[in-house]
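I have placed the structure first, in the form of structure tokens, so that the comments after it can refer back to it.
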Protein chains: 2
Amino acid sequence: MPVTIIDVARKAGVSPSTVSRVISNNPRISKETADKVRRIMKELGYHPNEIAKSLVSKTTRTLGIILPRPADELFQNLFFSEVIRGIVAHASRSGYDLLMAAGTSGQEEVDAIARLVNGRRVDGIILLYSRRDDPLIAYLAERSFPFVLIGRSEQYPQVLSVDNDNVQAAYDATRHLIAQGHERIGFVSGPPNLIVSKDRMEGYVKALADAGLQADPEWIVEGEFLQESGYRAMSYFMNLPKRPTALVAIDDIVAFGVLRGLSELGFRVPRDLSIVGFNNLSLSELATPPLSSIDIGIYQIGYTASQTLIRAVREESGQLQPIIIPHKLVVRESSLPPADA
Amino acid sequence: MPVTIIDVARKAGVSPSTVSRVISNNPRISKETADKVRRIMKELGYHPNEIAKSLVSKTTRTLGIILPRPADELFQNLFFSEVIRGIVAHASRSGYDLLMAAGTSGQEEVDAIARLVNGRRVDGIILLYSRRDDPLIAYLAERSFPFVLIGRSEQYPQVLSVDNDNVQAAYDATRHLIAQGHERIGFVSGPPNLIVSKDRMEGYVKALADAGLQADPEWIVEGEFLQESGYRAMSYFMNLPKRPTALVAIDDIVAFGVLRGLSELGFRVPRDLSIVGFNNLSLSELATPPLSSIDIGIYQIGYTASQTLIRAVREESGQLQPIIIPHKLVVRESSLPPADA
DNA sequence: GCTGCTTACGCAATCGTTTGCACTCCAACC
DNA sequence: GGTTGGAGTGCAAACGATTGCGTAAGCAGC
């Protein structure tokens, strides 16, 4: 029913090949022919069938992104939308679309990726939330399918990746708290199988050590990237006989949970507890009190990931060194000395 | 290079047709043959080329979504991620993927949609942020391409759509404020070309009228779905000789801007100004004070939109009546009588 | 007038599937 | 023993493009 290249060719009195060459601006077509063909295309409202194109060109101008397991929970965190925002901004500027596929369970994630990769539906893939032993990375690396990792891989260091220096970032956050005079500093971590959890924990421990302080295992708790985790961590910490006076939270959303819990219990921030988070979500400055946070440049990460991947897809041989997006500490009220101090 | 259906056929000693029929579970294939073919497929690591499949089946098991103009700004609002969350949850459960395309300007939006539609890249399209005179709706409706609108259309009422009763929602919000004793109630609206702005405004005006109050045009301002708009609106209102005592904000994010501005100027909420927003973002309860909001069930909207669209794509003849997702008012501190009253 | 080079285009194969139709068996029936 | 009929497969066309190669026309050069 829709108009094909053959319809155009017939009406223009040329062969389909010629039309095809007009579309791809092949210089070997005379100007008159090209003009005529172009006119007919307009007239007929012709648009190339991208699927057919893909079949022969083996290319789709589409990037794929796999939504990590509980796609449901994922978006609760602004991190995700922010990184997608960056990806889409660059990709669309480069003429690429973004295909999102979700797997609901672990195995389904691999299935989802197999669908995209083997089904030739995408030219490259962006991987998120790299786990310490990630089957997706292995899958793609083995097939040498173009992909870029947001985060980093331990088993496959020689892989395109965009990341922060999370060790240093956590170091900076902790150091800042120490500089405020805190000596009892807790850490609310994320899922232990995520590399980012491990890295930030490492920076936290290192900062303490460098300051001659000791990381008390009692002051480290693990959770998810969810408010509830922060809430739980808060109630754990505040019930400790010897409470920390400051907290580093692995994510602002977790910090929000802490704040909510504290206010419910009547504690004041930063007087009773100072806190700094990660990601500097757009709402962090609206929290009560405004939340200090490490800005890791999420948008930039997404943007750069798309850039890197598209370069790789085009075989412009990207650098295999991980790309590190700089972070910066944004100090707000939640980690400053209390006004009445 | 990758293994095709022909490789499988050759190795199994059958024809490609047979392999294809095995894949689609055609009952006319004998069990032995099917088993053998399946074994070989595993052995060879065969995965069907979805592109080739799409070419002949004219179907892609993919839903498209067009990112409205300033894709950059868009995601700042949790509304977007939340609706996508709902879409992806349902779509992936039904075996559909989601393709996001962005246009940066008005014309590019139409181009983007043309690419998806005429390029046969998607089976259906989800449209967001319907404007009062939306070229995309016209484009799709004219081609009778399956699509569902999140929101509603004035020119094309006979179109699949998922929406709230925004008039009623705004009515409820305003009515709640009136019930608290407010008589001077302002409204911070959104872009006037969006239908949602118009609808909520209408409900606001109607609630006032029903209460015997008059909507003073001075107390209505327009803006974007951005914090800055709320901030500006706040400073406008608070400089009025005769200030409103309460505000309805078209979106929580706008309300956040108002809150921020008020706190900077030393005003207290709800004592100096009560406020209720829309969307009940996950962070609304974390605001200072916790923000009253109309919960419009964003996730549910996305979920239902996917459901409706997929049904339409499969020609299960969805209802053409707009589907209305119920809203509910969530009252929090920002619109309650001040504690010291 | 023949050769040889360009220019501008067409032919036909190809990409990896699906599917309508035809065909071959073989058992069952009269 | 010929006819039917169904079960199980294969042939080949089709989906809508791209592209290597071939070729006709035109012109220059000798």
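Numbers restart at 1 for each chain; the letters A, B, ... are given by sequence-line order, proteins then strands.
The interatomic distance linking B/E32 (CD) with D/dG8 (C1') rounds to 10 Å, in whole Å. A straight line from CZ of B/R28 to P of D/dG8 spans 8 Å, rounded to a whole angstrom. Computed from coordinates, the B/N26 CG to C/dT19 P distance equals 10 Å when rounded to whole Å. Rounded to an integer number of Å, the gap from B/K53 NZ to C/dT18 C1' is 10 Å. At whole-Å resolution of the value, CD1 in A/I23 and P in D/dG16 are 14 Å apart. For A/I29 and C/dG10, the CD1 to C1' distance is 10 Å, given to the nearest whole Å. Whole-Å rounding puts the A/R61 CZ to D/dT18 P distance at 14 Å. Atom pair B/E50:CD and C/dT18:P shows a separation of 9 Å (rounding to whole Å applied).
Residue A/S20 is classed as a base contact, given a heavy-atom separation below 4.0 Å to a base. Note on B/T33: only backbone sugar-phosphate atoms sit closer than 4.0 angstrom, heavy atoms only; bases stay farther off. Within 4.0 Å (heavy atoms only), A/L55 reaches at least one base atom of the nucleic acid.
Listed pair B/S30 / D/dT9 meets the phosphate criterion, a side-chain N or O lying under 4.0 Å from OP1 or OP2. For the OP1/OP2 pair of C/dT17 and a distance below 4.0 Å, the side-chain nitrogens and oxygens of B/S57 include no atom meeting the criterion. The phosphate of C/dG16 has neither OP1 nor OP2 within less than 4.0 Å of any side-chain N or O from B/T4. In this model, the phosphate group of D/dG16 is approached by a side-chain N or O of B/K58 to a distance below 4.0 Å at OP1 or OP2. Between A/K31 and the phosphate of C/dA8, there is no side-chain N or O to OP1/OP2 separation shorter than 4.0 Å.
For the pair A/K11 and A/E43, the salt-bridge criterion is met [side-chain N within less than 4.0 Å of a carboxylate O]. Taking a cutoff of 4.0 Å between a charged side-chain nitrogen and a carboxylate oxygen, A/D35 and A/K31 qualify as a salt bridge. Ionic pairing of B/D123 and B/R314 is not present here: no N-O contact between side-chain nitrogen and carboxylate oxygen is shorter than 4.0 angstrom.
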Q. Side chain to side chain contact (heavy atoms under 4.5 Å, CB included) between B/V162 and B/L149: does it pass, once the steps are laid out?
A. CA-CA 6 Å; B/V162 180; B/L149 194 58; over 6 Å; no
- request: Using the side chain to side chain donor-acceptor pair (under 3.5 Å) rule, take A/T62 and B/R121 through it: C-alpha gap first, then chi angles, then the decisive distance, then the call.
  value: CA-CA 11 Å; A/T62 303; B/R121 307 234 0 231; 2.5 Å; yes
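In terms of polar N and O atoms assigned as donor or acceptor, the side chain of B/R21 comes within less than 3.5 Å of the base of D/dG10 in a complementary pairing. One N or O donor and one acceptor, one from the side chain of B/S17 and one from the base of D/dC11, sit under 3.5 Å apart.
A donor-acceptor pair shorter than 3.5 Å can be found between the side chains of B/Y303 and B/R93.
Annotation: side-chain contact (heavy atoms from CB on, under 4.5 Å) contacts of A/P157 (sequence neighbours excluded): none.
Judged by closest nucleotide on DNA chain C, A/T18 is the one of B/A52 and A/T18 placed further toward the 5' end.
Over its full length, the helix from C/dG1-D/dC30 to C/dC30-D/dG1 turns its helical axis through 70°, comparing axes from the five pairs at each end and rounding to 10°.
Proximity of a side-chain donor or acceptor of A/R143 to a complementary backbone N or O of A/Y139 within less than 3.5 Å is detected.
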